[in-house]
Participant: 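Sharing a structure below in structure tokens format, with a few things to ask.
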Amino acid sequence: MTGWVDGTAPLLQERLGALAPLAFVESCLRGVGQVMFMNNPITGLLVLVAAWIHDPWLGFGGTVGVAVSTLVAIVMGFDAGAVRAGLFGFNGVLCGLALATFLAPPWDGVSTVWIVVVSAGSSLAMAGLAALFSIWGVPPFTLAFNISVLLFLVTGLNVARGNLGELVSPASPTVAGPSVSTVLRESADTAGSTDAVAVLNAVFRGIAQLFFVNSILGGVIILVAIAVCSRIAALFAVLGSAVGMLVGMALGADGVAIYNGLWGFNSYDACLAIAGVFYVLTWRSAVLGLACAAYTALLFGAIGAFLGPWGLPAMTLPFCFGVLTFVMLRDAAPRRFTWVPPGEITTPEEHLRRAGEAVRS
Amino acid sequence: MTGWVDGTAPLLQERLGALAPLAFVESCLRGVGQVMFMNNPITGLLVLVAAWIHDPWLGFGGTVGVAVSTLVAIVMGFDAGAVRAGLFGFNGVLCGLALATFLAPPWDGVSTVWIVVVSAGSSLAMAGLAALFSIWGVPPFTLAFNISVLLFLVTGLNVARGNLGELVSPASPTVAGPSVSTVLRESADTAGSTDAVAVLNAVFRGIAQLFFVNSILGGVIILVAIAVCSRIAALFAVLGSAVGMLVGMALGADGVAIYNGLWGFNSYDACLAIAGVFYVLTWRSAVLGLACAAYTALLFGAIGAFLGPWGLPAMTLPFCFGVLTFVMLRDAAPRRFTWVPPGEITTPEEHLRRAGEAVRS
Amino acid sequence: MTGWVDGTAPLLQERLGALAPLAFVESCLRGVGQVMFMNNPITGLLVLVAAWIHDPWLGFGGTVGVAVSTLVAIVMGFDAGAVRAGLFGFNGVLCGLALATFLAPPWDGVSTVWIVVVSAGSSLAMAGLAALFSIWGVPPFTLAFNISVLLFLVTGLNVARGNLGELVSPASPTVAGPSVSTVLRESADTAGSTDAVAVLNAVFRGIAQLFFVNSILGGVIILVAIAVCSRIAALFAVLGSAVGMLVGMALGADGVAIYNGLWGFNSYDACLAIAGVFYVLTWRSAVLGLACAAYTALLFGAIGAFLGPWGLPAMTLPFCFGVLTFVMLRDAAPRRFTWVPPGEITTPEEHLRRAGEAVRS
């Protein structure tokens, strides 16, 4: 199946490229995978399956989001290679999934319009941010998604057709720490789980929550989706989600949030980005990836608390700032870590192979 | 009148340049026009007239603001050509107008001191921001004004001599959406207007509100002021203000805000900037300008809601971020849009003429 | 004592460089001095002495912070020359001092762990920010400290082991101005001091407060510490602190905050940076330094008010933004001010000497 399924599936891309509609679908699916730097349509397909299984409205939102944002990029004449690699789809799919989660009621016409509008806007924001960030030679990660959705949700507070659901609940900050219950449990009114079950939930729901899916099954499907493209990335996804959970526990965060994977999803994406994608995997970059997972978890706590007055969630802002900090370390410690320029990124396995060849020759 | 009144009035500049005091006055007037990218002293004069007619204290604030900020730039030895083109005046006039609007009481010594201080500071901020933004080859737009005034107003919350008026009213965010009344009307306790009157008010007050003038008459004078320099810009000012209004209505925003032009002023400035000033006018850049107007209106809703806890207004931050996003698209879609480098900007008409010559030759 | 004690003490560095443990201690002490751009270990030693005298827990926090952040930089393989000059210590010492001030109780294991974690994180943030800022040719000042500590404190609001002390007290913004008591006094319930005593307190506590030390004695020791390295810097420290106080009084700020030096510490550090460190001292750059002190004081008022909803202090963010604005003026007014590139910074006295030589040759 080499070249057809695993890695970046270049043979599949070549074959489907001949037919415009199929190429469009493949670009969208690669866009879904690119949320986790996996340029592979099978990865994206499995992720969408996980979303549709969890909640068809969620799956619908994500599908609309990725299709609209990819379409806008094509209409605007943005770089065809980038579109084909899914780089104008990953913000859109997250916009669709996020709005399907935070707007209410589901299957609503107005909500669907907002998904279309915000996903479309995210493609323009992505293009603008990519130009801003290009002077540093780094991509803007999922900033376009975060900015687009957070701005829409905050607008929703003050307008009649914002359709905000109950998950957006503004609250003035207080020193709530002493009253926080740290027992891992599914919801505020359930008893705590045994340790093993709770940890399993935290880690796998963490993997699923990146796509607003809240279930162990979703986490397993998404982990398989990652593994289709890269086994190394799948390993660091699990490790990164676990590190995020541990940081949440060390800080004494709300046990409900930890159990439901909220401390894991930013950390694991940051972890696999550093350990293998942006730096060639070595024991040093592996440790750096785990450190980045911990750093990102601290940012998750901070950004969530900062957005409290407006009742907004941290989305993947912690991932953006965490991974940005750690990719910029390439300049500070150039000899310890082998940087993979964004234009040359494929899979962690391929990066290792190339680095091996460079050493041999 | 070619060269004396319309376009950038180069003959007027040449004649007045011989006399330092007249050159200073002309630099200030061009500064007022530059808020809308109109490098023309007649434009600026008419805008100031509109402000003085609406409220002499407002006109006084704006006049002091532009004079102080321009003077500071001269004393600091900033680039003489830029000063002459009004590039160190447009932030200052907005600072003066904004503080005259948000501070109370009017004709107050302390308030006047703050206008002088903040306008002076805006020139330093402008120079610093211009240096920061120069690496991207774009100007910092009115960011210096926004930063300077918002920082002063937020300071005013906690100090005895802040002179904050009633327009600054902090309020904790709530999901206010369901209780928002979307009927277009002049104030909360008046009945709604008929559609045509309401739309007329929204569009023309929108044009006037960029300079904190809230009247149809003001909007008409300022539209004429724009048309003196560029008929294309005037057209897109009306269209952009209308688009802003429509976005506000589509979101279900407070009808009082829409009626009084608050959804229009950011959008129209962004619209004319994209459709003709920063990109040569084509049907494509015209559509892009209207899209930018809509995008900017969404940002207006978001930034206003974000600043709610401190009771601060969105000012022209939506314009800054909206137009920045769309000018950065020059890198993402270089062949669809013809970029006009900031140093070569004159008027949309002149850009069209130059582009035509380039095609012929 | 030339070369051993004053200036950047190069002979001391050379001698201690031979022994790794001593070189590490010296790097840390230089790091403490670098908070005020004083690359001198005696300066750092005296500052730490002031902290330990004021409160041993404060001194302990700062000492741990600088040691940890310097150690992380060495382990990460960051530029050895920069580490040796203390550039990876100044954020860490401030992190340690800040957390020792804002966390409670003192001498607590968990608080100590947070000091270690946040100081370590500040070194990574510093490296990342330095890479971001390098395209403008300016350093990121103490942004890494501010970001690291503020993010930790805001996280602390929502977690059980945040250990937030009483100084962090969230409060919804109000127009508090009219009720602010501007009488200079030590605490809200003490009578006001006579003018001379109050001014002396405001200015010298201002100098001490940069290191979270609140006493006249601390201010005197730290002023001596500065003077050991540079008499020019010491002069502008006093002037800058006084300017900050005056701006606070002009705005009508809370008299307790002014008396305790809170309006001075950002201003004096910004003042000495502009007047002698980043620009060669001339009467023009001296005036610019005082203007920067005033500008920074305005930023202090703004940032403190902005952070009010979360109960967070302004830290040295006003210094960062104030000094950044004024260093960027080098591009806007290149002939009025002689810029000292960051890589060539030593002491104001040395910069003067070099500029004199350049004129003579």
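Throughout, protein chains are lettered first and strands after them, A, B, ... in sequence-line order, and every chain is numbered starting at 1.
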Participant: Taking all non-hydrogen atoms of both residues into account, name the closest pair between A:Val154 and B:Ala305 and its distance.
Facilitator: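 Shortest heavy-atom contact: O-CB, 3.1 Å.
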
Participant: So which of B:Leu324, B:Thr174, B:Val138, B:Val327 has the biggest tally of heavy-atom pairs under 4.5 Å with chain A?
Facilitator: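 Option with the greatest count: B:Thr174.
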
Participant: What's the shortest heavy-atom distance between B:Pro173 and A:Leu157, and which atoms?
Facilitator: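 Nearest pair, atom of B:Pro173 first, then A:Leu157: CB-CD1, 4.1 Å.
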
Participant: Apply the side chain to side chain contact (heavy atoms under 4.5 Å, CB included) test between A:Thr155 and each candidate in B:Leu299, B:Ile303, B:Leu251; give the one that qualifies.
Facilitator: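 Between A:Thr155 and the candidates, side chain to side chain contact (heavy atoms under 4.5 Å, CB included) is satisfied uniquely by B:Leu251.
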
Participant: Compare every heavy atom of A:Ala127 with every heavy atom of B:Ala332, then report the nearest pair and how far apart it is.
Facilitator: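 The answer is CB-CB, 3.6 Å.
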
Participant: Measuring from atom CZ of B:Phe326 to atom CG of A:Leu124, what distance do you get when rounded to the nearest 0.5 angstrom?
Facilitator: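 Between atom CZ of B:Phe326 and atom CG of A:Leu124 there are 4.5 Å.
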
Participant: How close do B:Tyr295 and A:Ala125 get, counting heavy atoms only, and between which atoms?
Facilitator: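 That would be OH-CB, 3.5 Å.
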
Participant: With a 4.5 angstrom heavy-atom cut-off, is it the side chain or the backbone of A:Val113 that approaches chain B, or both, or neither?
Facilitator: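 Contact with chain B involves no heavy atom of A:Val113 at all.
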
Participant: Does any heavy atom of chain B fall under 4.5 Å from the side chain of A:Ile135, the backbone, both, or neither of them?
Facilitator: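 For A:Ile135, the contact with chain B is made by the side chain alone.
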
Participant: Under 4.5 Å heavy-atom distance to chain A, tell me which part of B:Phe321 shows up: side chain, backbone, both or neither.
Facilitator: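 Neither; nothing under 4.5 Å.
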
Participant: Among A:Gly156, A:Pro170, A:Gly311, which residue has the highest count of heavy-atom pairs closer than 4.5 Å to chain B?
Facilitator: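 The residue among A:Gly156, A:Pro170, A:Gly311 with the greatest pair count is A:Pro170.
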
Participant: Pick whichever of A:Val168, A:Asn158, A:Leu132, A:Leu164 has the most heavy-atom pairs under 4.5 Å with chain B.
Facilitator: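 It is A:Leu132.
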
Participant: Checking the side chain of A:Arg161 only, and the main-chain atoms of B:Met249 only, is there a donor and an acceptor separated by less than 3.5 Å?
Facilitator: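 Yes.
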
Participant: Can you say whether B:Thr325 sits under 4.5 Å from chain A via the side chain, the backbone, both, or neither, judging by heavy atoms?
Facilitator: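 Contact with chain A involves both backbone and side-chain atoms of B:Thr325.
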
Participant: Identify the heavy atoms of A:Ala131 and B:Met328 that sit nearest to each other, and give their distance.
Facilitator: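 Scanning both residues, the minimum pair turns out to be CB-CE, 3.5 Å.
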
Participant: Can you say whether A:Asp79 sits under 4.5 Å from chain B via the side chain, the backbone, both, or neither, judging by heavy atoms?
Facilitator: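 Only the backbone of A:Asp79 comes within 4.5 Å of chain B.
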
Participant: Please state whether the rings of A:Phe306 and B:Phe306 are parallel, tilted or perpendicular, taking 30° and 60° as the class boundaries.
Facilitator: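 Taking B:Phe306 first and then A:Phe306, their aromatic rings sit tilted (interplane angle of 30° to 60°).
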
Participant: Name the region of B:Leu288, side chain, backbone, both or neither, that has any atom closer than 4.5 Å to a heavy atom of chain A.
Facilitator: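 For B:Leu288, side-chain heavy atoms alone lie under 4.5 Å from chain A.
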
Participant: Any idea which heavy atoms bring B:Arg336 and A:Val75 closest together, and the distance?
Facilitator: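 Taking B:Arg336 first and A:Val75 second, the nearest heavy atoms are NH1-O, 2.6 Å.
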
Participant: For the interface with chain B, which of A:Ala171, A:Gly128, A:Ser169 has the highest count of heavy-atom pairs at distances below 4.5 Å?
Facilitator: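 Looking at each of A:Ala171, A:Gly128, A:Ser169 in turn, A:Gly128 comes out on top.
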
